[in-house]
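Read through the structure below, which is laid out as structure tokens, and then see the notes.
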Amino acid sequence: MSDVLTPEVPGTVPARKSRTLGKVRPHQTQNEALVFEKSSPGKKAYRLAQLDVPKVDAAALLGENVRTESAGLPELSEIEIIRHFTRLSTWNYAIDLGMYPLGSCTMKYNPRVNELVARIEGLAEAHPYRPDHLAQGQLDVVDLLQQCLLEITGMDAITLQPAAGAHGEFTGILLTRAWHESQGNPRRTILIPDSAHGTNPATAAICGYSVENLKSNGQGGIDLEALASAVNENTAALMLTNPSTIGVFENQIHKIAEILHAKGALLYMDGANMNALCGKTRPGDFGVDVMHLNLHKTFSTPHGGGGPGCGPVACKAFLEPFLPIPVLVKDANGEKRWNYDRPQSVGRVRAFFGNFGMFVRALAYILANGPDGLRQTTEDAVLNANYIRHKLQDLYDLPYKTASMHEVVFSDRKQAKSGVRTGDIAKRLIDYGFHPYTVSFPLIVQGALMIEPTESESREELDLFIDAMRQIAREVEENPQVVLDAPHSTRVSRLDETTAARKPILRWRKA
Amino acid sequence: MSDVLTPEVPGTVPARKSRTLGKVRPHQTQNEALVFEKSSPGKKAYRLAQLDVPKVDAAALLGENVRTESAGLPELSEIEIIRHFTRLSTWNYAIDLGMYPLGSCTMKYNPRVNELVARIEGLAEAHPYRPDHLAQGQLDVVDLLQQCLLEITGMDAITLQPAAGAHGEFTGILLTRAWHESQGNPRRTILIPDSAHGTNPATAAICGYSVENLKSNGQGGIDLEALASAVNENTAALMLTNPSTIGVFENQIHKIAEILHAKGALLYMDGANMNALCGKTRPGDFGVDVMHLNLHKTFSTPHGGGGPGCGPVACKAFLEPFLPIPVLVKDANGEKRWNYDRPQSVGRVRAFFGNFGMFVRALAYILANGPDGLRQTTEDAVLNANYIRHKLQDLYDLPYKTASMHEVVFSDRKQAKSGVRTGDIAKRLIDYGFHPYTVSFPLIVQGALMIEPTESESREELDLFIDAMRQIAREVEENPQVVLDAPHSTRVSRLDETTAARKPILRWRKA
Amino acid sequence: MLHEIGAASIDDLFAIIPEEYRLTRDLAIPRQMGESEIVEWFRNAAAKYTIRHTSFLGAGAYRHYRPVIIDSLVQRGEFLTSYTPYQAEITQGTLQAIFEFQTMIAELTGMDVANASMYDGSTGAAEAVMMAVRVTGRHRAVLASTVHPEYREVLATYTKHQGLPTTTIGYDDTTGRIDLAALEAAVTSETAAVLVQSPNFFGVIEDIPAIAAIAHKKGALLVVSIAEAISLGIVRPPVEADIVTMEAQSFGVALSYGGPYCGVIAAKEQYVRQMPGRLVGQTTDRNGYRGFVLTLSTREQHIRREKATSNICTNQALVALMATIFLTVYGKEGIRELAEHNLAKSEYTARVLSAGPGARLRFSGAPRFHEFVLHTDEDPAAWHRRLREEKIVGGLELDRWYPELKNATLWCTTEIVPREKIDIAARELAAVPVEA
Amino acid sequence: MLHEIGAASIDDLFAIIPEEYRLTRDLAIPRQMGESEIVEWFRNAAAKYTIRHTSFLGAGAYRHYRPVIIDSLVQRGEFLTSYTPYQAEITQGTLQAIFEFQTMIAELTGMDVANASMYDGSTGAAEAVMMAVRVTGRHRAVLASTVHPEYREVLATYTKHQGLPTTTIGYDDTTGRIDLAALEAAVTSETAAVLVQSPNFFGVIEDIPAIAAIAHKKGALLVVSIAEAISLGIVRPPVEADIVTMEAQSFGVALSYGGPYCGVIAAKEQYVRQMPGRLVGQTTDRNGYRGFVLTLSTREQHIRREKATSNICTNQALVALMATIFLTVYGKEGIRELAEHNLAKSEYTARVLSAGPGARLRFSGAPRFHEFVLHTDEDPAAWHRRLREEKIVGGLELDRWYPELKNATLWCTTEIVPREKIDIAARELAAVPVEA
Ligand SMILES: Cc1ncc(COP(=O)(O)O)c(C=O)c1O
Ligand SMILES: Cc1ncc(COP(=O)(O)O)c(C=O)c1O
């Protein structure tokens, strides 16, 4: 039977033959080689327009600067290229295929109208150095998005320049530092809770600050005593994620702000979880001095397999003078332009104006929702997370009992007894047709299962997910090996990451 | 183990459980219900623009003509719709995934630039009743495409109105009939070779002609004697497919034309296989009086799961007066317009001007190829077919030894001995990652395997296909049951067509 | 490869073509262009007249807003580059989508079953009449002059050679509906089908129950053609009909200068075996799983050849998929809301356009959907010129098909026409030059 | 659901938010719009200035033709709506594509390895310099004033708080290349990195071997920034560099008013563990099949936190995919042919623009790619006005960043600029009004 297609069954290591028929593999999981391996000399997928000026002799023009041997790029026909990337795409899981409850990443639906408007020729083909008076349409987009984000956050000023959340953190902490310097002393440390995302401490370091970790309290929140004793004249700011990475709102937030402000320190808010607050409460109102947003999370610009994103930074008026250059201003005649003349600015964090294409998408999302839509979205996201919490808390350990906002974080304590860890449960979830939750983050939870459904999921999909999680819990009891060997349904089984890191192969080379 | 994912192995009928985990199924083959089954009241995926005129009371305006109960359409959210159709799409095989050698259908690559230009707003949003002087751009497309097709076919006049090949046949035979009538007698019969496609006789019948079948000769071509004796004053025309449906060029074509013309009968050519002739020879030069083209075959407009197509009809000058209205004319001032004043016209075969969107795509393809490209394309298509013929003729019976053009037709004679028919081989080919060839057509070949690779396939893909066909031939010897039970790799196994036809379920109904 | 198959040159493979017929020169067509040049060529063609204009044209082709996800989904290669689902195991995606389409069309039209698509509304109407002929075994047809003129032309072309004489019935001058008395007189026991359109070419909704009574009394089948599918959101479906034929272009399909569009035929269950075109049916696979297949193909040309119910093969599948997605997006409530907006826009337009002294509505004696006929004392050619200045294309002149309707124009306002443009049109229409 | 989880109202779930901070009003943002209104809003914004114009702007953002299949493929939901491939088993598509991207970038730049992307060319350059600091353990940097001014500003922002003083070296007035003597003098045994751009901001190709010699003599790393990636089709790659940082926007990425673009860092093998950003590596699964995973993540913030090589997390993955497809479309031969066309267009432009009496080329003493600096006697503001009449946007004024370069403008001509427009620009430039 070896030539009948029989996907492997756990335990049995199949001969290659059993997954391929001769040289070929059924189309949904084509045996797709690397693009370089499919290349053959002379194939072309391009045709340039006829050259309407005299040809030139490159060698003569460039002398020894001419490239003598071509780069080893592949040569394929157009249909082969379409097939290559189409087949590769079928090996990906995506929001478009099902629930993607990756905690903290807010994998919500990405409306297709966002993609359409971002590709309108007048927007997609605009050169960043086009004179301002010819770019009024582009500046309208920047202006309206800034206004909307300021209203949503309750802050006073904003920059859209940062390209992602971490880039926003960098910008926000630079503002903090510039302000402290303007007060005569940049200060030395940034306080960061042990529950924080890795980008927070990494950012503080790049900005020349030393990181002081804050132990979370029993509820996974800020321990006010610990904070009070930690804050002093050397404290530049506290980087706080609110709701926290365990999905809990810091209800002491105003006290936290007071403690910091009393010592002249600032409150930085990591806004990655802003999707739990939009339309319900505003950081600007509860004492935040500076924060970043992730447009690719809260405002639905697609994650695109890892990016691009956009991480605007909003701040209070006293930080406005330090914003990166340029900033958008309106002239008396109502004409909009970029202002570069900002002596106190921290400078630039990126060339040009930021990921404009993401501005367009985020603005389209905001317009599609409006005030009521944004509030509804937040409420649904929180409701969905609490629904999952309610339906799973009997089988999975809930380390923190505080009320959940947009996500719920369980631990694998119960399953660990059978030797099954959060990573194994995640892999088994794949067999059930879902992308796993976020694994082993935040660090304050041993073996965390961080689940964020977002508002996009229907009750039907949530029930399927809950059903899957409950069955896996049962499997852990009855047949842990099945879970330990998961996934069983994917094109590749678990991959050897150790060897990958020990002997890195980071590129293809001609054999 | 029943809850580990184990796709069925032939012979064993699996419990449903074995292909789904609880309620869910791994994403690549999601257990996707009918859209109606996913509906739940109140869900919305649309939002209309704000109404800027007074609302009206429909009941008051329409009286008893108002719709009292809404149609039972589904109610889903946008993400559910995206997922529904995205998941469904993953159950399809397509040219974009691999070779699709469906004989006679010319499944060549569909360039994406075709889709882009067809969607350019000025073309996609043009109303057919837009006054001619505001439609000069649209008329430019019609005009240039007509000129190109006339040059390619060597004919004198053309209409782009027919929506598909069969519709073109209908139009072409109407021209024939109208001309005969103008000669005083419409005549009674149409001669059709037994190798013809089903649309040919069906068309003749609709046009009020009786069909007289012509037996093919030993080479699968026209038997000149038989033809000579069949043609008489009652013969309106011969409908000839050239190259024939077995992929053979009628090298007696001029004699055939003479025989027909001698008796005042016309030669109609079914141009479905024009992709074997483009740039190498022209029907207008070898005696064809009227013919149709399939833009969706020869000129790469996509097949779209069954359509839309476009079936232009080209004819000699003497048939021009009978073309459907309207026809494109150029005024002295160079302005283009539609002329409806054509007293001898056969009338209209379709509202408006035909499948304009397909004109755009076909023209884009012609411009992308040019004279050299079209010739090259034809040569590659013929070379590929002959390569397959050469590599498989030892294992598969070749009923007609005549030289092959764009496709090769084998028979299952050898495999039939082991009880395996062309349909079984086709199903097994699916396991190897290919779409099957055309099964049991043409009728002059018992158990035909009609294979058309087209020029789009690389040698690498052809070799994979050949390898698969050869292995299947071996399987037929060693393990016919594997072939008879195929496919083994698909979401569903062979379907019960008999019951489907005996007790037709043609729509979903609320349970 | 040439070498391997034992050919000396590529021309060997074409040796079978008689020498005198071999093309030894390049085809005289434009030179091969680069992709960027192709895009530029079509951009220029499209730019010959701005599309950023407002049009009041309807008459069988309607501009409605097309939800974005339609194109996102139909452009997936798995849908775009597959063909007729002959091999069910690897085309379940297309098959299930067609099954869903058939169901939606049946639900909308009030019929039992619908097919997978016809070329368009005009050929669909012709095929529907021929279907009635097969069902009844009779050979005469009666139709209304208020059926789309081009549909009637197509019908004439199809019936000409089938020994199928047709009688055309005029309309009532106050209601614009078919003249029922004349219809009653024309329908006989020889009549296979009565064909009407509703809303008809003037936008007027026909009295289907009355027409059905007349047809059925004589044992003829009633065939109702629907050119504006959106009307079904708010207009009562022609449930008394035996066959409904429809142009589904309004369901998310671009105007595209007249095509590709999507015709459909829906009918009462008992007539299904006389239907033209493809049908998808539900069945099960060897393991008992639900699946879908093309079925009842003994009706079709590839099996039945000259005895087939139609010669159609390639149909409008991808366009039908667009319609399926469109109907899923709007759904039960949306299709009604959308139709209501169209109704409101057109009511408003009719009111403001007919407000001026020189203009009046025709056929206001009967309810209509979103089209209406306007009579102007001024020659339409004159005000058309004024509207063009405002980038507006006004109503369609009807005397082209109805000589008796001089100075009468057919106006259509869909949900996408902004009120300000309607007001401008009204202003310009009223602005008759003094010397006129 | 509320009921099931035992909540009385949705507000129960937000009870944890202190009352005084709850938002009890609607947000003051535009009302919810229908999809058609959203599209209309952006169409109008886009239409504020025609895009059917010709631009000679470059300076770090280049308009090249974007092959159609790029958008067809990156818009497939499987690519568009997935995220960082943390779960390798269900993200092999993204992982293999990134592995292919890393290989192509390495091949093009002449480096051993490349990462999965940085935000853009400017942050890439800054990260590259900081990488050199980690590698060498030194804390000074020397850079050329011919590096893109905005890249230099970003570098300044990044280095400011890292105790990393930088020295900027001027350019030779005849060649427009970095002043080698001054460079030699500035590089010391304290220097971690020498940063140059080639082709530099004036479009001039730097003498990389000479610069490398100077840097390496003192044990500093050479970091070469490339703002116009297409140049690598015809310009010799900076193989002597230790780190190459590049803006890949030219590889099929829309201008989009400045972003999203795609930065990359490529380097010699031995420096890989100091690289910032994600890296994809090849490995095998439990059954011995080849597969790909994110690797060497101990460099990254989610593991290393404050000790990470960078704080980057979300990168520019989808844009990197666009570049990968672009490079596959053009391939080995195409990328060279494309670069040659750019060279030819720009040569022609330089010639005809400098033909007139009032204009002359700057920095003609060294080879360049497709940009050049033009000096005009007339104030650019004046001829800019004339060009606008012709829907042409002329070269960029340089005195904004280089006060010494008054009346000097930077011109770029890519393959998409038609000759006729170049000729019109030349005509207008030469047409100095008499009174001037
Ligand atoms: C809590 C938190 N902070 C910061 C970030 C960093 O944002 P980005 O990935 O956009 O740089 C993330 C993203 O994963 C996050 O979850
Ligand atoms: C030989 C031949 N003739 C005619 C046709 C009918 O063309 P269409 O399907 O476009 O109506 C076909 C299509 O399959 C064909 O293969």
Side-chain angles (χ1 to χ4, degrees), chain A residues 45-46 52-53 56 62 65 71-73 75 85 88-89 91-96 117 120 122 124 126-128 134 137-138 148 163-164 166 198 201-203 205 208 211 249 286 303-309 347-348 351-352 355-357 367 370-371 390 490 492-493 495 500 505-508, chain D residues 5 21 26-27 29 32-33 42 45-46 48-49 51 57 73 76-78 81-84 89-90 92-94 103 107-108 113 119 122 150 153 157 161 205 254 256-260 281-283 285-286 291 295 301-302 305-306 308 311 314-318 329 331-332 334 344 348 367 419:
Chain A
Y46 73 96
D52 59 1
V53 298
V56 292
L62 303 182
N65 298 286
L73 297 177
E75 298 174 86
F85 291 101
L88 287 190
S89 76
W91 301 343
N92 272 6
Y93 187 90
I95 297 173
D96 280 8
V117 293
I120 292 172
H127 192 285
L134 302 183
Q138 286 72 27
C148 291
T203 296
V211 173
F249 186 87
F286 56 64
H303 283 73
R348 262 187 184 286
F352 310 121
N355 284 345
F356 178 79
L367 294 178
H390 183 79
T490 49
V492 292
S493 58
L495 291 148
I505 304 174
L506 304 175
R507 64 176 289 184
W508 176 85
Chain D
I5 64 174
Y21 301 128
D26 276 356
L27 288 166
I29 61 174
Q32 189 164 36
M33 292 186 186
F42 285 100
K48 278 205 170 178
Y49 177 65
I51 48 84
L57 295 172
L73 289 167
R76 284 182 59 86
E78 295 89 333
T81 72
S82 63
Y83 196 27
T84 308
E89 298 86 348
I90 48 173
Q92 283 297 301
T94 294
T103 305
E107 285 287 340
L108 281 164
V113 291
Y119 300 136
S122 68
E150 295 194 359
E153 290 171 36
T157 310
H161 310 301
I205 301 165
S256 193
Y257 201 55
Q282 178 181 319
T283 185
D285 76 355
R286 291 184 175 180
T295 191
Q301 45 75 26
H302 62 281
R305 303 182 72 87
E306 58 266 44
N311 70 335
T314 290
N315 58 17
Q316 303 289 114
L318 198 70
V329 167
K332 195 171 183 222
Y348 178 79
R419 177 186 191 145

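Remember, it's a predicted structure, so these values are computed and weren't measured experimentally. Reminder, nothing fancy here: chain letters follow the sequence lines and each chain counts from 1.
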Side chain, backbone, both or neither: which part of [X] has an atom under 4.5 Å from a heavy atom of chain A?
X: D/L73; value: side chain
X: D/T295; value: side chain
X: D/Y257; value: both
X: D/L57; value: both

For the residue pair [X] and [Y], what are the closest heavy atoms and their distance?
X: D/D285; Y: A/V492; result: OD2-CA, 3.4 Å
X: D/N311; Y: A/A202; result: CB-CB, 3.6 Å
X: D/Y49; Y: A/L134; result: CB-O, 3.4 Å

For the ring pair D/Y21 and A/F249, is the centre-to-centre distance below 6.0 Å? no
Donor-acceptor side-chain pairing of D/T94 and D/Y83 below 3.5 angstrom: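 Short answer, no.
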Does the side chain of [X] reach to within under 4.5 Å of the side chain of [Y], using non-hydrogen atoms?
X: D/Q92; Y: A/L495; answer: yes
X: A/T490; Y: D/I90; answer: yes
X: D/Q316; Y: A/N355; answer: yes

Please confirm whether the backbone N or O of A/R348 pairs with a side-chain atom of D/T157, one donor and one acceptor, at under 3.5 Å? yes
Flag the one option from [options] with the top tally of heavy-atom pairs under 4.5 Å to chain A.
options: D/A254, D/P260, D/S122; value: D/P260
options: D/N315, D/T84, D/D26; value: D/N315
options: D/A45, D/S82, D/G77, D/G291; value: D/S82

Which bit of A/H390 is near chain D, if near means a heavy-atom gap under 4.5 Å: side chain, backbone, both or neither?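 Just its side chain gets close to chain D.
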Chain D contact via A/L367 - which portion, at a heavy-atom distance below 4.5 Å: both
Would you mind telling me which of [options] has the largest number of heavy-atom pairs within less than 4.5 Å of chain D?
options: A/A351, A/C148, A/G305; value: A/G305
options: A/G72, A/G306, A/A163; value: A/G306
options: A/G208, A/P308, A/G347, A/A164; value: A/P308
options: A/A500, A/P128, A/G137, A/G309; value: A/P128
options: A/G357, A/S89, A/G370; value: A/S89
options: A/G304, A/A124, A/A166, A/A45; value: A/G304

Rounded to the nearest 0.5 Å, the OG1 atom of D/T81 sits from the CG atom of A/N92 at a distance of 9.0 Å
